[in-house]
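Note on naming: letters A, B, ... go to the chains in the order of the sequence lines (proteins, then strands), and numbering restarts at 1 for each one.
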There are 2 protein chains.
Amino acid sequence: MSQEKAIIGKAKEVKPLIINNEMTKDVEKRILIGKSNYGAPNFVMRLFTVKPGGYSPKHSHRWEHEIFIVKGKAEVYDGEKYNAVEAGSFVYVPGGIEHQLKNAGDEDLEFICVIPTSADEE
Amino acid sequence: MSQEKAIIGKAKEVKPLIINNEMTKDVEKRILIGKSNYGAPNFVMRLFTVKPGGYSPKHSHRWEHEIFIVKGKAEVYDGEKYNAVEAGSFVYVPGGIEHQLKNAGDEDLEFICVIPTSADEE
């Protein structure tokens with residue numbers, strides 16, 4: 001896929017995948033920029049919204065995350081302990097490190113999370 | 001470089017490179033997560049702050065950008081025209097497309113911009 005101009009979009013207009021299961025509570029995932037939608041070759045930018053009381057799974061995988069907290073308050077498990085983290089912070093999760101983000105506030109937690117395309121977009 | 005836990009930091013505590021030249025006005029660049037600081041293998045997350053009246057260069061290069069507008073108002077050149085873009089929007093600039101971000105408001109414009117490591121960190 002090739003474009004002749006840049007693509008501009010509003011994150012909240014991207015249809016979310018709503019995730020609720022044994023490991024995950026009240027998480028919305030939006031793939032903003034990836035291979036599947038715009039042919040981006042190397043990495044995938046996703047926006048996650050975690051409702052108050054919600055959390056992402058506590059898990060690890062072989063690929064890395066580069067995360068920026070856009071809004072709200074989080075508790076971030078870094079492989080050893082939970083840390084209070086606020087909007088304007090970044091988190092680098094190397095491959096193989098167990099991690100989790102919980103909403104620790106009473107408004108939505110929003111964060112950008114970038115992964116390699118090779119991780120696929122799931 | 002390998003870590004045993006995730007790295008957590010505050011973006012504004014990262015020392016900025018302040019850029020003012022013929023092409024660029026009142027831009028602060030912070031490398032949040034990259035190969036040089038944390039050994040991130042594939043892509044580099046930067047935070048740019050553009051002061052009111054400031055702008056990034058109008059230019060193109062062979063690598064792509066994945067951008068998320070965190071704060072403020074921008075005018076984004078997409079290769080064809082300027083577009084009004086607000087916080088909560090994303091911009092995908094494929095390699096080879098001319099682009100520019102201008103601060104179009106009266107507060108700081110902040111955006112996350114991710115590039116491949118192969119682009120190096122300049």
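A continuous path of hydrophobic side-chain contacts links Leu47(A) to Leu47(B) [ILVMFWY only; heavy atoms under 4.5 Å]. Residues Tyr82(B) and Met23(B) are members of separate hydrophobic clusters, defined by side-chain heavy-atom contacts under 4.5 angstrom among Ile, Leu, Val, Met, Phe, Trp and Tyr. By the rule that hydrophobic residues join a cluster once side-chain heavy atoms approach within less than 4.5 Å of another member, Val27(B) and Tyr55(B) end up as members of separate clusters. Using a 4.5 Å cut-off between side-chain heavy atoms of Ile, Leu, Val, Met, Phe, Trp and Tyr, with links allowed through other members, Tyr77(A) and Ile7(B) fall into different hydrophobic clusters. The hydrophobic cluster containing Leu101(B) also contains Leu17(B), counting ILVMFWY residues as joined when their side-chain heavy atoms lie under 4.5 angstrom apart, directly or transitively.
Of the inter-residue distances, the one linking Tyr38(B) atom OH with Glu66(A) atom CD reads 11.5 Å to the nearest 0.5 angstrom. Considering CZ of Phe43(B) and CD1 of Ile115(A), their distance stands at 7.5 Å, rounded to 0.5 Å. In this structure, OH in Tyr92(B) is found 9.5 Å from CG in Asn37(A), a value given to the nearest 0.5 Å. Between atom OG of residue Ser89(A) and atom NZ of residue Lys12(B) there is a gap of 11.5 Å, rounded to the nearest 0.5 Å. We find the CD1-CD1 distance between Ile112(B) and Ile67(A) to be 12.0 Å, quoted to the nearest 0.5 Å.
Heavy atoms of Ile69(A) lying under 4.5 Å from chain B are absent altogether. In this structure, the portions of Asn42(B) lying under 4.5 Å from any heavy atom of chain A include both its backbone and its side chain. In this structure, the portion of Val85(B) lying under 4.5 Å from any heavy atom of chain A is its side chain and not its backbone. The part of Lys81(B) that comes within reach of chain A is its side chain, from C-beta onward, which places non-hydrogen atoms under 4.5 angstrom from that chain.
Enclosure of atom CG in Asp106(B) is not indicated, since only 12 or fewer non-hydrogen atoms of other residues, nucleotides or ligands lie within 6.0 angstrom.
Summarising the geometry of Ile33(B) relative to Val91(A), their closest heavy-atom pair is CD1-O, 3.6 Å, with the distance given to 0.1 Å. Taking each heavy atom of Val14(B) and Phe90(A) in turn, the nearest pair found is CG2-CE2, 3.8 Å. Between Phe68(A) and Ala11(B), the closest heavy-atom pair is CE1-CB, 4.0 Å. Nearest heavy atoms, Ala6(A) versus Ile97(B): N-CG2, 3.7 Å.
Ranked by non-hydrogen atom pairs under 4.5 Å with chain B, the options Lys5(A), Lys10(A), Glu80(A) are led by Lys5(A).
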